[in-house]
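Presented below is the structure to which this report refers.
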Amino acid sequence: MSLSTVGYLARRAAQKERVRILYRRALRDTLNWAVHRHLFYQDASDLRERFEANKNVEDLDTIDHLIADAEAQYEKWRHPDPYIVPWAPGGTKFTRNPPPPSGIEIVYDYGKEENE
Amino acid sequence: MAASLRPAILRHIRLPVRSQGQPVLPSWLSSIRAMSGHGDDHLTREEVVDRVLDVVKSFPKVNPSKVTAEVHFQKDLGLDSLDVVEIVMALEEEFKLEIPDKEADKIDSCPLAIEYIANHPMAG
């Protein structure tokens, strides 16, 4: 395998990864913007169509341009207050009510053990 | 005399508590979840496998009869890379997870997904 083929494949792989991650972020953002599930399904299908439209582009530089364009659009339309899973940083439960340190035990029988 | 004796006696008297068989906890108490969801409810591996397979089977482009726990999304199920992204998103929603982009990108087959979710402390 010649050096140019290796370079081509490496660049292609990098582009594919960029597209996957971009699609993932865009799909999540679509869910953030959708007020209801049934609105999300239509939006997600539209998003998928926009990705599929450029599926067969072969030229590497064109692909790079398309990806850069799409990433710019994604940045422009990002949701200002996205949903974050509660335990994750920025989520509603993040660092709230943390588990007690190991070695500390809570006895829940409220003094009844005195009488046993 | 009696007034000083009374607290002294009361401090030393212990009446045995008669328990009727089982400790008397109201039945609803045992069914309550702990207030903190911080890793105190671990999923069993079987449950993870079941739910992962359910999610994959209910993906519209997948033939449910082909799905097993060893299946590779692209090679065995004939999906493309964007479908895999959608499946991983569905798995995240099913298990209330947030997988970082780079790690989610690596998940491309059922064994990997099951392994990742079963080892995740926050999967619920």
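Bear in mind the structure is a predicted one, so any value in this text is a computation, not a measurement. These numbers come from the heavy atoms of this one structure, side chains and all, not from hydrogens, waters or symmetry mates.
Listed here is the closest heavy atom pair of Leu97(B) and Val85(A): O-CG2, 3.5 Å. Shown here for Trp87(A) and Lys96(B), the closest heavy-atom pair between the two residues is NE1-O, 3.4 Å.
No more than 12 heavy atoms of other residues, nucleotides or ligands lie within 6.0 Å of CZ in Arg50(A), so this atom counts as exposed by the packing criterion. Heavy atoms of other residues, nucleotides or ligands lying less than 6.0 angstrom from CZ of Arg78(A) number 12 at most. Heavy-atom neighbours of Trp77(A) CH2 from other residues, nucleotides or ligands within 6.0 Å: at or below the threshold of 12. With a 6.0 Å radius and a threshold of 12 heavy atoms from other residues, nucleotides or ligands, His79(A) has its NE2 atom above the threshold.
Note: the hydrophobic cluster containing Val85(B) also contains Tyr74(A) (ILVMFWY, side chain heavy atoms under 4.5 Å, direct or indirect links). Linking ILVMFWY side-chain heavy atoms closer than 4.5 Å, directly or via other members, places Leu91(B) and Leu112(B) in two distinct hydrophobic clusters. In this structure, Val57(A) is a member of the same hydrophobic cluster as Ile67(A), with clusters built from ILVMFWY side-chain heavy atoms closer than 4.5 Å. Follow the hydrophobic side-chain contacts under 4.5 Å out from Ile87(B) and you never reach Ile21(A); the two are in separate clusters. By the rule that hydrophobic residues join a cluster once side-chain heavy atoms approach within less than 4.5 Å of another member, Trp33(A) and Tyr41(A) end up as members of separate clusters.
A salt bridge links Glu93(B) to Arg37(A): at least one charged side-chain nitrogen sits closer than 4.0 Å to a carboxylate oxygen.
Once rounded to the nearest 0.5 Å, the distance linking CD1 of Ile84(A) with CD of Glu98(B) reads 6.5 Å. Interatomic distance, CG of Leu31(A) versus CE of Met89(B), reported as 5.5 Å (0.5 Å rounding). Taking CZ of Arg20(A) as the reference point, atom CG of Asp108(B) lies at 8.5 Å (rounded to 0.5 Å).
In this structure, the side chains of Arg48(A) and Asp83(B) come closer than 4.5 Å at one or more pairs of heavy atoms. Contact annotation: the side chain of Tyr23(A) approaches that of Glu86(B) to within less than 4.5 Å [non-hydrogen atoms, C-beta and beyond]. Arg24(A) is listed as a side-chain neighbour of Val88(B), based on a closest heavy-atom distance under 4.5 Å.
Residue Arg28(A) touches chain B through both its backbone and its side chain, counting heavy-atom pairs closer than 4.5 Å.
Scanning residues 48-62 of chain B against chain A with a 4.5 Å non-hydrogen threshold yields Lys61(B), sorted by number.
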